[in-house]
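The figures that follow rest on heavy atoms only: side chains count, while hydrogens, waters and symmetry mates do not.
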2 protein chains.
Amino acid sequence: MEKNDDFPLQQFLPYLLNQAAEESGLEFQRVYKNRYGMLRTEWRVLFHLGMYGQMTAKEIGQRSKMHKTKISRAVQRLADRRFLTRDTDDKDRRVEHLALTTAGEAAYRDLRQVAEKYDAKLSATLSDEENRILRQALWKLARMG
Amino acid sequence: MEKNDDFPLQQFLPYLLNQAAEESGLEFQRVYKNRYGMLRTEWRVLFHLGMYGQMTAKEIGQRSKMHKTKISRAVQRLADRRFLTRDTDDKDRRVEHLALTTAGEAAYRDLRQVAEKYDAKLSATLSDEENRILRQALWKLARMG
DNA sequence: CCTTGTTGGTTACAAAAACAACCATTAACC
DNA sequence: GGTTAATGGTTGTTTTTGTAACCAACAAGG
């Protein structure tokens, strides 16, 4: 082990982002996993529906940038566990309108509250400036593609 | 679709981080994938060895926080393709010293240069302040566990 | 030495993700 | 209307990952 030099790959943005994302996601993941047996994809679908109310799989895909197969399977599992209902559109029978059930709503509210607390905890390790700029920069990067 | 409210989950740090990480990693991923048939784990091992010279799997694990099975498998595949050599330690025959071959070094230098350019491109979409604070904050978050 | 515990690394098997091909429906256009 | 293309969503198959059990080499203590 020797050799370090000028461009520190530890500063390579995609690498740093991954490390931070992985590390910061872990604790929250354990909550939705242990408490509701959910996968990350499922949690994401849940929260999109919780946030925006009724949506179609396609709309979720647009917002989350998740691939449609992931969404399809997440929706299936959530439907199996009665966290959401699928309602075929009358005008276009390919389309399904998804909405949370009461149980789904409850899970959403619970997890959302956990998320909120957890976010506050993460934020607390950063200064106000860091928080503001960080989110702003991440937002830019996220919609860079 | 209606319903938005006070704590915007789009601002939830782990979510934002993931989106940014995924989006920002994509283009670079295509390079090491198409050009060398590498996985992310393999690229990471490669770059640790390129950065620090000879290392053991364990040391890579400590620095990268990757799980040892991932490293083990990445090392295997890199060894198969003659990107690195494994050299058993004489004093402790459990330990293997890993080092890049000439081909490995070449791949590393190539990818590193691509990474460098790509990082510059990403940085260009942000202000100086954003760049500075972003990296600083990510660094803190990454070693928060 | 001989048991018991650790440690570096691998392997086996289950869970999850990626990718492509696939239905069924609707839209477009002749 | 009939044919072809596009769209919303699903399914099948292959890669990758996660988890745990494992093996061989060493370490510690008696």
N or O in side chain of [X] less than 4.0 angstrom from [N] OP1/OP2:
X       : N      : value
A/Gln76 : D/dT11 : yes
B/Arg40 : D/dT17 : no
A/Lys58 : D/dT7  : no
B/Arg86 : C/dG9  : no
A/Lys68 : D/dT10 : no
A/Thr69 : D/dT10 : no

Rounded to the Å, how far apart are [X] [atom1] and [N] [atom2]?
X       : N      : atom1 : atom2 : result
B/Arg94 : C/dT10 : CZ    : P     : 13 Å
B/Asp87 : C/dG9  : CG    : C1'   : 16 Å
A/Lys70 : D/dG9  : NZ    : C1'   : 17 Å
B/Ile71 : C/dT11 : CD1   : P     : 15 Å
A/Ile60 : D/dG9  : CD1   : P     : 9 Å
A/Met66 : C/dC19 : CE    : P     : 16 Å
B/Arg93 : D/dA25 : CZ    : P     : 6 Å
A/Lys33 : C/dA16 : NZ    : P     : 7 Å

task: By nearest nucleotide on DNA chain D, pick out whichever of A/Ala57 and B/Thr41 is the more 5' one.
output: A/Ala57
task: Please say which of B/Thr85, B/Asp87, B/Thr88, B/Asp89 ends up in a side-chain hydrogen bond (donor to acceptor under 3.5 Å, both in side chains) with B/His97.
output: B/Asp89
task: Please say whether more than 12 non-hydrogen atoms of neighbouring residues, nucleotides or ligands are located less than 6.0 Å from CZ in B/Arg82.
output: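 Check fails, neighbour count at 12 or below.
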message: For B/Phe47, does the six-membered ring have the charged nitrogen or CZ of B/Arg112 within the cation-pi criterion, i.e. under 6.0 angstrom from the centroid and within 45° of the normal?
response: no
query: Is B/Arg63 close enough and on-axis enough to B/Tyr52, meaning under 6.0 Å and within 45°, for cation-pi?
result: yes
field: A/Arg77 side-chain proximity, nearest of D/dG8, C/dT11, C/dA16
entry: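 So the side chain of A/Arg77 is nearest to C/dA16.
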query: Under the 3.5 Å rule, do the base of D/dG18 and the side chain of B/Arg73 count as making a donor-acceptor pair?
result: yes
Aromatic ring pairing A/Phe12/B/Trp43, orientation class (parallel under 30°, perpendicular over 60°, tilted between):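 Plane angle over 60°, so perpendicular.
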